[in-house]
Amino acid sequence: MKDGLQHEAYQMVLFNALACTGSLTKAADKLGISVSHVSKQLNVIEERLQTQLINRNTRALTLTEEGKDFASYCEQIVNLIHLANTKVPSCRDELSGNVRLALSCSFGNLHVLPVLDALQKKYPDLNIEVSLFDYKIDMLDEGFDLWFTTFEEINIGYVAQRIVDTHFILLASPDYIQRYGEPAHPDDLTVHNCVTYHSKDRSYTHWLFEKEGKQRDVQVNGNYRVDKAEAIRDAVMAGRGIGYIGSYLLTDELEKGELLPLMQDWKPMQKMPVYAVYPRNQNLPTRLKMIIDAVKQSIGQPAYWDENLSKWLK
């Protein structure tokens, strides 16, 4: 069926050349094929349609009424082919069109959505559909064009472009420290109420620390687990416990004294890269490149997070 349609489309292109040139020889030259091939295909077309399309009783070929009708359809097909060949590459380069984005919930909400808002104000013809979640997906199955995620195990067949590295800080509110004291060693966390992240794909109850080449892995517990990183930050600020919080969640909470860094001689070891993921394709549309570049420019290079950590921590 597919081969038949392709062959019929080819024949319509050939007949369009015949109708435009009025000559077997000129049509053959235009298409870069032999005159005998053109003649043979014309016979095949007329046999398939069971009608005569061209009068052959003069030197110049003339179209029958049926031939004129068929030629008009052939012209439409050829025009559509030319339009597709010129319009599609042009659309790829326009800052417009439809984009389906999947975003890691908290990072996307804090750092990607503001970028998208600014882009749409600048390019109103850019149509964006966003889904926020923190579970792993197969983009092709879900129909997404671009995925900003913190998952590191990406399926084969996709490009994972590293956007930024986020780090973690051990934090608590002044109120919590006043009521329950401050841990001095990672092992002290076992007697503190710790706010932890938990989702269907990931659970962070082991907090890793390093000091002078020594590492410590502590399993923590608490009475509050949540599957949204922002909620962990907010719960810690509310005095509900100690949190192992990603640097990307913070703005000026430390500078205002709403959160206090703990155990600064023990460095949290966990890192969480953020990736822009898309199907492996060398011809990535400009609108997707633009979104990736805009997010990079907004959050800075990976060193950005280290600079902020140095500013916040003594």
Side chain to side chain donor-acceptor pair (under 3.5 Å) with Gln52: which residues, sequence neighbours excluded?
Asn55
For Phe15, check ring pair (Phe, Tyr, Trp, His ring centres under 6.0 Å) against everything at least two apart and list the hits.
Phe70
I'd like to check the ring pair (Phe, Tyr, Trp, His ring centres under 6.0 Å) partners of Phe148; sequence neighbours left out, ordered by chain and number.
none
Determine whether a donor-acceptor pair (N or O, by modelled atom type, separation under 3.5 Å) exists between the side chain of Tyr244 and the backbone of Leu208.
yes
Please check: side-chain N/O of Arg100 versus main-chain N/O of Glu129, any donor-acceptor pairing under 3.5 Å?
no
Between Glu75 and Asn16, the two heavy atoms sitting closest are CA-OD1, 3.5 Å
Geometric class of the Phe107/His111 ring pair [parallel <30°, tilted 30-60°, perpendicular >60°]
tilted
Quick one: does Asn193's side chain have a donor or acceptor within less than 3.5 Å of a partner on Asn223's backbone?
yes
List the residues meeting side chain to side chain contact (heavy atoms under 4.5 Å, CB included) with Ala294, not counting sequence neighbours, and say none if there are none.
Val115, Leu119
State whether Phe209 and Arg216 meet the cation-pi test: NZ (Lys) or CZ (Arg) under 6.0 Å from the six-membered ring centroid, and within 45° of the perpendicular axis.
no
Could you tell me whether the side chain of Glu46 and the main chain of Leu53 form a donor-acceptor pair under 3.5 Å?
yes
Listed by chain and number, what are the side chain to side chain contact (heavy atoms under 4.5 Å, CB included) partners of Lys271, not counting sequence neighbours?
His167
Output for pair (Met272 CE, Phe151 CZ), nearest 0.5 Å, gives 10.5 Å
Using the ring pair (Phe, Tyr, Trp, His ring centres under 6.0 Å) criterion, which residues pair with His185? Sequence neighbours excluded.
Trp266
